[in-house]
There are 2 protein chains.
Amino acid sequence: MKAKLPPRTVERLSIYRRLLDKYKDLDEAHIHSHKLAALLNLTPEQVRRDLMLIGLTGNHRKGYNISALIGLIGDTIDREESQKVALAGIGNLGKAVIGFIRKSNTRMNVVAAFDIDKNKVNTRLAGVPCYEISQAGKIIHDEQIRIAILTVPPEAAAETASLLLDSGIKGILNFTSVHLDVPPHIYLKDYDIITSLEEIGFFITD
Amino acid sequence: MKAKLPPRTVERLSIYRRLLDKYKDLDEAHIHSHKLAALLNLTPEQVRRDLMLIGLTGNHRKGYNISALIGLIGDTIDREESQKVALAGIGNLGKAVIGFIRKSNTRMNVVAAFDIDKNKVNTRLAGVPCYEISQAGKIIHDEQIRIAILTVPPEAAAETASLLLDSGIKGILNFTSVHLDVPPHIYLKDYDIITSLEEIGFFITD
DNA sequence: ATTCATCTGTTATTTTTTTCACATTGCAGC
DNA sequence: GCTGCAATGTGAAAAAAATAACAGATGAAT
Ligand SMILES: NC(=O)c1ccc[n+]([C@@H]2O[C@H](COP(=O)([O-])OP(=O)(O)OC[C@H]3O[C@@H](n4cnc5c(N)ncnc54)[C@H](O)[C@@H]3O)[C@@H](O)[C@H]2O)c1
Ligand SMILES: NC(=O)c1ccc[n+]([C@@H]2O[C@H](COP(=O)([O-])OP(=O)(O)OC[C@H]3O[C@@H](n4cnc5c(N)ncnc54)[C@H](O)[C@@H]3O)[C@@H](O)[C@H]2O)c1
């Protein structure tokens, strides 16, 4: 299991599942590659190849069975059980992110949030317990959390990241726009809205 | 001007500039391709190729002049003057995004925010005026805003997007996780944190 | 002034990703 | 039960992106 898949395919698989989760209750039990492609601005070939790579066989007439598809994507890209996620920095962005993940139907499970601000600790946010950042080491270790979301202010980014890594975090989603120097076995993903905006600005046509 | 550049290169150019903006005041006037690459987890060849594509010539011994680099990236990826951006949905995420863009040193300029909640309109957020969503059409048209950020609740996404497009918006950065059906000449960029997290979950190694 | 190590600029190569093309399959309708 | 249309599954081709390789440039050291 867990064959070597192209990163782009993994990304799209996650997107297929998110889209189809909304479809699975209503109307059809099956979907065609070209329908799925049209919904996501992809090509039908791309969709078929992705599904081929995970070994899903569609019906030549009816298309792909939606619940089989969702199930197999899960078997392919999810770990055994739901994965625990920690979040550091309960500001506007942190709150939005926690709320969003909680509302989404995903196996990513935010189980702890950390902040330095005493007013924010010992509360719950969308069901997630908030702790002092000083407790992060212990909690991440005890709960075996391996993924962290970093939404602290830029000044605190480097320091907080190294604390997280010392506690056993293996992957970081970094929103701080600060470059983090992480060892090669750590999976780091940066997201910066400015980059997205500038790309849009470059490619729009009047 | 504005040669046909690969999307990946445009993305990285934006990232180079954001990083180097922080460097330009202090220490060195020049930077080597391998230094820049190391700071961003890229290869030196990739950096050199990107800079070659925009016609930047480095000094064979000292590397690239940082201010020349910043200037040329601007000449390449920016439009004439700063670009106006509108934001719809002043919730937690919307507030975080406005604050972030305002603090960043970018030519992307958020000039209007819209919400349906009467308590939020006629205030200012990090200097950005907030209006009723019903005024969006007029303001976007009058101010000739062409880029919009969508941070309304999922239920309102489709409706708000079509309002924005009708008002003259050409590019949308969509955070709602709802699929938007836009005409082909509109540049749509979706961002979904769940996809990023699931990708991290798939690629981390224990 | 010359040597030399090091870095750039660019062509060539490899790898990755997407698209094409089409044989094969399954079902609806006759 | 055939027939034919409309899908899928997949090798092959093409395009895009990343990496390698190296000639030529430059300034530091002597
Ligand atoms: N990448 C993007 O697209 C994007 C968008 C918006 C914001 N951001 C960035 O995300 C971060 C958070 O933004 P925000 O608007 O939520 O800011 P915020 O100021 O509202 O929240 C920051 C939170 O971090 C807490 N904090 C401060 N130091 C800490 C520490 N050492 N350990 C733990 N918590 C600490 C603060 O108490 C606060 O609650 C900032 O770095 C901002 O630049 C990025
Ligand atoms: N993609 C991501 O990573 C990500 C992360 C967090 C949140 N989100 C999404 O972003 C959106 C906003 O999230 P949030 O946490 O800020 O939610 P929120 O509820 O705090 O804010 C939504 C805002 O939109 C306003 N609004 C509602 N209907 C509107 C309309 N028709 N026109 C204009 N404004 C309207 C509300 O008054 C509110 O101020 C949601 O769709 C959420 O799912 C996405």
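First the proteins, then the strands, lettered A, B, ... as listed; each starts at 1. Model, not experiment: these values are computed from the prediction.
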Out of C:dT11, C:dG26, D:dA12, which nucleotide sits closest to the side chain of A:His60?
C:dG26
Nucleotide C:dT10, atom P - distance to CG of B:Leu51 in whole Å:
12 Å
Using distance alone, with no hydrogens and no angle criterion, decide if B:Thr205 and A:Tyr187 have a side-chain donor and acceptor under 3.5 Å apart.
no
Picking from D:dG27, C:dC20, D:dG9, which would you name as closest to the side chain of B:Asn59?
D:dG27
Tell me: CD of B:Glu45 to P of C:dT15, nearest whole Å?
15 Å
The nucleotide from D:dT8, D:dT19, C:dG9 with an atom nearest the side chain of A:His32 is D:dT8
Presence of donor-acceptor pair under 3.5 Å, side chain of B:Arg48 and base of C:dC7
no
What is the distance, to the nearest angstrom, from the CZ atom on A:Arg61 to the C1' atom on C:dT25?
10 Å
From D:dA7, C:dA28, C:dT17, pick the nucleotide closest to the side chain of A:His34?
D:dA7
Please report the distance, rounded to the nearest Å, between OH in A:Tyr64 and P in C:dG26.
13 Å
Dump the intermediate steps for side chain to side chain contact (heavy atoms under 4.5 Å, CB included) on B:Asn41 and A:His179, then the final yes or no.
CA-CA 9 Å; B:Asn41 303 315; A:His179 166 73; 4.3 Å; yes
Whole angstrom is fine here: how far is it from CG in B:Leu36 over to C1' in C:dT8?
14 Å
Against the side chain of A:Lys62, the closest entry in D:dA17, C:dC27, D:dT8 is C:dC27
In whole angstroms, how far is the C1' atom of D:dT26 from the NE2 atom of B:His30?
12 Å
Contact class for B:Pro44 vs. all strands (heavy atom < 4.0 Å): base, sugar-phosphate, or nothing?
nothing
What I want to check is whether an N or O donor and acceptor connect the side chain of B:Arg49 with the base of D:dT19 at under 3.5 Å.
yes
Would you indicate which nucleotide in D:dT19, C:dT17, D:dC5 comes nearest to any side-chain atom of A:Pro7?
C:dT17
Report yes if a side-chain nitrogen or oxygen of A:Arg12 is closer than 4.0 Å to either non-bridging phosphate oxygen (OP1 or OP2) of C:dT18; otherwise report no.
yes
Counting only side-chain nitrogens and oxygens, does A:Thr57 get under 4.0 Å of the OP1 or OP2 atom of D:dG9?
yes
Protein-nucleotide distance (B:Met52, atom CE; D:dG24, atom C1'), rounded to Å
16 Å
If only side-chain N and O atoms of B:Ser33 are considered, is one of them under 4.0 Å from the OP1 or OP2 phosphate oxygen of C:dC7?
no
Modelled atom types, side-chain donor and acceptor of A:Asp192 and A:Ser177, under 3.5 Å:
no
Between C:dT16 (P) and A:Glu11 (CD): distance, integer Å
17 Å
Examine the side chains of B:Glu199 and A:Ser14 and answer whether a donor and an acceptor come within less than 3.5 Å of each other.
no
Does B:Thr9 use its side chain to pair, donor to acceptor, with the backbone of B:Leu5 at less than 3.5 Å?
no
